Amino acid sequence: MSHTSHLEISGMSCATCTGTVQDALHDLPGVESASANFATDDGSVTYDPDTVSLKTIYETIENAGYEPLRERKTIEIGGMSCANCSAANKRAIEAVPGVIEASVNFAADEATVEYNPVDIELDAVFDAIEQAGYEPIRPTEDGDPKTERESVAKREMKKQWRLVIIGGILTLPFLPIMASMFGLVSLPETIAGIELGIIEFVLATALMATLGKEFLVGAYRAAVHNRQANMDTLVAMGTSVGYLYSVGVLGGAITGEGLYFEAVAFILWFITLGNWLEARSKAQASDALRALLELKADDATLVHEDGTEETIAVDSIQVGDRLKVRPGERIPTDSVVVSGESAVDESMLTGESVPVEKSVGDEVIGSTINENGVLTIEATKVGAETAIQQIVKRVKEAQSRQPDIQRLVDKVSAYFVPLVIINAFTWAVLWYLFPAQLSSVVGLLPLTPVSGGPVAGGVPLLEFSMVVLASSILIACPCALGLATPAATMVGSTIAATNGVLFKGADILERAKEIDAIVFDKTGTLTHGELALTDVVSLEDPVRTDGAGIAIEKPDRDAEAFVLAAAASAERGSEHPLAQSIVAGATDRNLALAEPTQFENIPGHGISAQTEFGKTLVGNRKLMRDNGVDPQPAEEELVRLENEGKTAMLVAVEGSLVGVVAAADTVRESAKTTIEAIQKRGLSVYMLTGDNERTARAVAADVGIDPDNVRAGVLPADKADAVDELQSTGDRVMMVGDGVNDAPALTTAHIGVAIGSGTDVAIEAADVTLMRDDPADVLKVIRISEATITKVRQNLFWAFAYNTTLIPIASLGMLNPALAGLAMAGSSVSVMTNSLAFRRWDPHTDYHFLPLRLFYKNR
């Protein structure tokens, strides 16, 4: 059945744009008709959803250069018990017309939904989840933010704890029965005149009606709504087999020697206990992220224009409000300091315990702590736009995007449960039909004839087959597999966020450890990016004439002052850091500067301006040659300055070369040690810069980069080509830059890292955003990636080892169903516990786990 989607499309400016959109959509198989209107910024497309997805339609429009409106929403979902449940929710959500894409995280009990708001209301998504048999958490009527409500994990934890208590009370009487089976105690056949078997039946029935109901309902829901089997199916089948068999024996319908009510009881209680521990672990895993939002200030001190102060709620702050922050108080919102000096503790965001000095003009981040001085700040971002809210948003998005290894696990899990059920029934039937043959082949369980029919290991064959069936089903819980990746990535991305590293997705977190080379932009990354004027050199005869022979007057100015004043006057029209250093240097020397009447920026080469000094050129050798000025007279000075690591620029006035000005940028303190640590990992390190070769090599030598790995004179537009060139050899490159001028290169690289983003955390071009401007945090990116994926592999190793070891044992009838239930619960708890232990790791150090060294690549 065809579906028509209505779209809002931005970026269209003329009829040609609408034609481009329509042509692109018509080329898609499955699209029946498409229209667009640039006057109203909208369009519509009729398509067959079985042939082409809405996601593909959106991507096609975006690839054509336009932006269809989309929104993203995170929805908490209760009732999921395994990875199969998350797959069922994903299918249900993506089947809703208007949904572009959905990802469901079983470990976080959340779905992230991208949808077309023109086409659907979110209620349709909530309804789809409910129809699939799960429990979406709808927004409250009063609009309470999600962080102020109890999480699904905590509600589930409380629910499971109640069941643990109820189940424990009902299961406790089975302890002496279990002890009597091992000959530890002897029990009478009747208690208070009631047959012991009847008492067991009553208790087991109560357990099936309480604890068992959870699994029976879940299994029914999975079968009816989603036509699949999940963890609930395994538990429901395993316990029902034991319960119904025991009822049949007790009622005389089945000939057997034993009742398995106690096994049913312990299975249900063990698994419920495991579910409680799992829910508790999930809640703990998300606590660190939730705690970030809970650290926000409640009140703020508003400073009015007349100087009076008023205490207001943080939610009432508006952009532009001036606020006073006293020592010990939290910064109420992202702001800039307008007066005062202090040190601010930013450890909650960067993981660094040393307070950061703040003075006028510096940015401060909401929820960080003012240590000592009084600050007056002006709010720049409020509400959802603040850094802390953006960080939480980015982390949630990261957790919703799972790595490739999880996609593989999801595929395995989808087939795993049906195969487990088939395996269990197959072995149960085989043991019943061919006990002698199997026993002789296996050589483990001798058969002995007794009255009433054949037995296996002294147990009637029907009973033995039931044990095989129940144990083989119960032992194979897919929960551990489903939890292995999301539990580890949830903790890993939270560790990253609380240490100032924001991954765009868990897929990026996985890829970051695969890199072969790191490319650093020089200015602002390896250096502070704050140039200061260092040298002004005048050529021997500063008095020059123009082409007509008219002398250039320089009254009351010495030669160097003339060169600097001419250069600074021309550069007043530029915002380039180099230009600003020249202007600042001239201002510090109290030179009178002129305003340029004409100004032209020549990217990568310099500037041309018209001032009271005449036509002035400030730039490199090529700029001079292109304008008929010979740079050779200044070559010796240029070489000297460049060899000192300074950026030197020629100055020409009215066609005559008058001098050289130079500025220098200081290398960051951690740059050298960071480069050394990266190289010890076996990674190649490169540097890109627009500076000339000599300056670039001087900085490279200072930080320890091989001169052959320096790419100098690279224009901003060409940095992506330089990264492409490196990757053409097969190397996977991480590009580290400032996230603005380096955006094309960040996008081109295998991993793009934007450094020093501060409060501006929503950088689209970068895969990873660093809150600080310290290159040492690049090491954190690699370490967190390696540690998290290692933890994933640990979890998967134990989950697979557990299943591959115990399924064969259960299939051979060598495992008691109650012990199978205990092992089933224990597998999930062990994965969550292993992931939670990861929270204590410090990303300033490498993560080591010796037993698994052979299973992962550790640089």
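It should be emphasised that the depicted structure is a prediction, and the values quoted were computed from it without experimental measurement.
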K.L.:
Spell out, as yes or no, whether a donor-acceptor pair under 3.5 Å connects the side chain of Thr112 to the backbone of Thr74.
P.N.:
no
K.L.:
Are the side chains of Phe503 and Ile784 in touch, meaning some heavy atoms are under 4.5 Å apart?
P.N.:
yes
K.L.:
Do Ile365 and Met771 touch side chain to side chain, with heavy atoms closer than 4.5 Å?
P.N.:
yes
K.L.:
Hey, could you give me each pair passing salt bridge (charged side-chain N to carboxylate O under 4.0 Å, His left out) that has a residue in residues 82-91? Not counting sequence neighbours.
P.N.:
Lys90-Glu94
K.L.:
If we check side-chain contact (heavy atoms from CB on, under 4.5 Å) with Arg793, which of these qualifies: Asn795, Thr790, Ile789?
P.N.:
Ile789
K.L.:
Ignoring hydrogens, what is the shortest heavy-atom contact between Ser785 and Glu510? Give both atom names and the distance.
P.N.:
OG-O, 3.9 Å
K.L.:
Does the pair Glu786 and Arg681 meet the rule for a salt bridge (charged side-chain N to carboxylate O under 4.0 Å, His left out), with working shown?
P.N.:
CA-CA 12 Å; Glu786 286 184 348; Arg681 289 175 169 267; 3.0 Å; yes
K.L.:
Considering non-hydrogen atoms only, spot the tightest contact between Leu746 and Gly737 and give its length.
P.N.:
CD2-N, 4.0 Å
K.L.:
For residues Thr788 and Ala488, report the shortest heavy-atom separation together with the two atoms involved.
P.N.:
CG2-O, 3.6 Å
K.L.:
Grab the two heavy atoms, one from Ala484 and one from Leu796, that are nearest each other, plus how far apart they are.
P.N.:
CB-CD2, 3.5 Å
K.L.:
Given Val733, which partner from the list Ile518, Leu726, Ile515 fulfils the side-chain contact (heavy atoms from CB on, under 4.5 Å) test?
P.N.:
Leu726
K.L.:
For Glu363, does its backbone N or O pair with a side-chain atom of Lys358 as donor and acceptor, under 3.5 Å?
P.N.:
yes
K.L.:
Will you find, in the side chains of Asp334 and Thr386, an N or O donor that is under 3.5 Å from an N or O acceptor?
P.N.:
no
K.L.:
Are Arg783 and Asp846 close enough, and set up right, to give a salt bridge (charged side-chain N to carboxylate O under 4.0 Å, His left out), and what steps lead you there?
P.N.:
CA-CA 6 Å; Arg783 286 173 178 147; Asp846 286 327; 3.2 Å; yes
K.L.:
Strictly below 4.0 Å, N to O, side chains only: are Arg70 and Glu62 in salt-bridge contact?
P.N.:
yes
K.L.:
Which heavy atom of Arg155 sits nearest a heavy atom of Ile137, and at what distance?
P.N.:
NH2-CD1, 2.9 Å
K.L.:
If you measure only the distance, is there a donor-acceptor pair under 3.5 Å linking the side chains of Gln160 and Glu156?
P.N.:
yes
K.L.:
Measuring only between side-chain heavy atoms, which start at C-beta, is Ile755 closer than 4.5 Å to Asp777?
P.N.:
no
K.L.:
Ignoring hydrogens and geometry, is there a side-chain-to-backbone donor-acceptor pair from Ser728 to Glu725 under 3.5 Å?
P.N.:
yes
K.L.:
Taking all non-hydrogen atoms of both residues into account, name the closest pair between Ile77 and Ile129 and its distance.
P.N.:
CD1-CD1, 3.9 Å
K.L.:
Please check: side-chain N/O of Thr368 versus main-chain N/O of Gly366, any donor-acceptor pairing under 3.5 Å?
P.N.:
no
K.L.:
Can you tell whether the side chains of Arg668 and Asp773 come within less than 4.0 Å, N to carboxylate O?
P.N.:
yes
K.L.:
Asp774 vs Ser670, test: side chain to side chain donor-acceptor pair (under 3.5 Å). Steps then yes/no.
P.N.:
CA-CA 7 Å; Asp774 190 343; Ser670 62; 2.3 Å; yes
K.L.:
State plainly whether the residues Glu101 and Lys55 are in salt-bridge range, i.e. N to O under 4.0 Å.
P.N.:
yes
K.L.:
Does any donor atom in the side chain of Ser684 or Asp516 lie under 3.5 Å from an acceptor atom in the other side chain?
P.N.:
no
K.L.:
Give a yes or no on whether a salt bridge exists between Lys719 and Asp521, defined as a side-chain N under 4.0 angstrom from a carboxylate O.
P.N.:
yes
